[in-house]
Amino acid sequence: MKRILTGLKPSGELTLGSLIGAIKQCVSYQKDYESIIFVPDLHAITVEQDPKELKMRIKKNVALYLACGIDPEKNIIFLQSENVYHANLSWILECNTYMGEASRMTQFKDKSSKKENVSVGLFTYPILMAADILLYDADYVPVGIDQKQHVELARDIANRINNRYGNIFKVPEPLIPEVGAKIMDLQEPTKKMSKSSDNYKGTILLLDSEKDIRKKIASAVTDSEGKVYFDKENKPGISNLLTIYSCLSNLSIEEVEDKFKDYNYGNLKKEVADIVVEKLTEIQTKYENIINSNMIDEVLDKGKNLSIKMAQAKYEKLKEKVGLTR
Ligand code: ATP
Ligand code: LTN
C-alpha cells in the first residue's frame, strides 16, 4: 500500500488554508493509503515561540487533526520532538546538502527578508522536513503549493543519498490539490493566507467564532467590476472566494462560477460565509469534545511508539552505510 505523510507546524493557529491545502487531502486519502500525520514542533521553534503557548498549540493541532476527520485508527499521529530520529537524520542529510541548493529556498528568502535576527534553523528547516519525509518512505506528501519546493529538495537529497550509499530512501512526490493549493489572504488576495500573518482580518482560523468568520468574509477585498467569475490574475479576491466555496462544497470551479454568475458581491460573500461557518462549526463541535479528553495523549503515545520503530530502522540502516559505526 502506498504511504502519505504530512505535518502542520504549531507556530500559530491552523487556518482555513491549512485545512484546504493539507488536512482535507489527508482525510480523503486515508482510506486508500497508509497515512502518517505528525506535529512538526521542531519546525515551529525556527522562529521564537512562547513555551506555554507552544505546548498548548501542540495539543490544539492534534485535536484539530482529529476534529477535521483524521481517523486515529487509520493514521499514525505523533509529535516530532518525541522521536529523536528526525533531528538525527537531519544532521546526516545536512552533510549531504549543498549551500547552493539550500540557499535557493524561496520561503527562507521571503521569511528572512522580513526579520532581523534570523535563526540558522530557519535556513536548515527544509532539510529537517526532508528527514521527516524520508524516514518513513513516504510515497506522497499532501501539501499546499508553498511547500512544493521543499518536497523537491527532499527528492534531490534522497536521490543523492541513494547514489552515494545504495538504495536507502523512497523518492517522494508532492500531492498538491488541483483547486485550493493556495488559499489567499482575504485582505491581500495576492498573498497566501497564513497563520503567521500580521493582518488578523485576512486569515480565517479554524477556531474563529461565527461572528468573526462572517465579519472577515464580509470585508474581503474584491474589485469594482461587480461581476462574479473566476479570473485569478484580474479578480484575485473574487477568485479566492470562489475557490474557498469550491473546496468546501466539493463542486468544481466551473459549477461554482455557474451557481453564482448572477449574484452581486454581497450575496456571494454571504453564501461563502454560510458554507465556511457550517464546516467550521462542525469541526469546532468535535474539537470541544476532544481537547479536554484523554484521546490526545492516547493517540500521541501510540503514534510515538510506532513512529520510533519505523524511524529507527531507517536511521540505523543509513548510519551503517555512511560508516557511522564501530
Ligand atoms: P506560516 O505561514 O506561518 O509559515 P503555514 O500556514 O504556511 O505557516 P502550516 O500550517 O505548517 O504553515 O502549513 C501546513 C500545510 O498547509 C502546508 O502543507 C501548507 O502548504 C498548507 N497551507 C498553509 N497555508 C495554506 C494556504 N493558504 N493555502 C493552501 N495551503 C496552505
Ligand atoms: N514545512 C511544513 C511543515 C512540515 C511538513 C513536514 C509538511 C514539516 N515537516 C513534512 C510535510 C511533510 C510547513 O511549514 N507547512
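Residue numbers start at 1 and run along the sequence shown. Computed over heavy atoms, backbone and side chain alike; hydrogens, waters and symmetry mates excluded. In listed order, ligands and their atoms are each counted from 1.
Ligand 2 has no nitrogen or oxygen under 3.5 angstrom from a nitrogen or oxygen of Asp146. Of the N or O atoms in His150, none lie within a sub-3.5 Å distance of an N or O in ligand 2.
Under a cutoff of 6.0 Å and an axis angle of 45°, Lys216 and Tyr200 form a cation-pi pair. In this structure, Lys314 is not positioned above the aromatic face of Tyr85 in the sense of NZ or CZ being under 6.0 Å from the six-membered ring centre and within 45° of the axis.
Panel note: side chain Lys269, backbone Ala218; a donor-acceptor pair is recorded below 3.5 Å. Panel note: side chain Arg155, backbone Pro172; a donor-acceptor pair is recorded below 3.5 Å.
When the heavy atoms of Gly21, Ser18, Pro174 are ranked by distance to atom 16 (O) of ligand 1, first place goes to Ser18. Counting heavy atoms only, Asp146 comes closest to atom 20 (O) of ligand 1 of the residues Ile145, Leu19, Asp146.
Rounding to the nearest 0.5 Å places OG of Ser209 at 10.5 Å from CZ of Arg214.
Contacts between Ala181 and ligand 1, counted as non-hydrogen atom pairs separated by less than 4.0 Å, involve the backbone only. Only the backbone of Lys182 comes within contact range of ligand 1, with a heavy atom under 4.0 Å; no side-chain atom does. Under 4.0 angstrom from ligand 1, the non-hydrogen atoms of Lys111 all belong to its side chain.
The single protein non-hydrogen atom nearest to atom 11 (C) of ligand 2 is Thr6 OG1, 3.4 Å, given as residue, atom name and distance. Nearest protein heavy-atom contact of atom 2 (O) of ligand 1 is Ser194 OG, 2.5 Å. Closest to atom 21 (C) of ligand 1 among all protein heavy atoms lies Gly144 N, 3.9 Å.
Aromatic pair Tyr245/Tyr263: ring centres not closer than 6.0 Å. Under the 6.0 Å cut-off for aromatic ring centres, His150 and Phe108 do not qualify, their centroids lying 6.0 Å or more apart.
Contact between Pro177 and ligand 1 is absent, with no heavy atom of the residue lying under 4.0 Å from the ligand.
Side chain to side chain, Lys319 and Thr325 fail the donor-acceptor criterion of an N or O pair below 3.5 Å.
Near Ile183, with a cut-off below 4.0 Å to any heavy atom, the atoms of ligand 1 are 26 (C), 27 (N), 28 (N), 29 (C). Heavy-atom contacts of Ala22 reach the following atoms of ligand 1: 15 (C), 16 (O), 18 (O) (cutoff under 4.0 Å).
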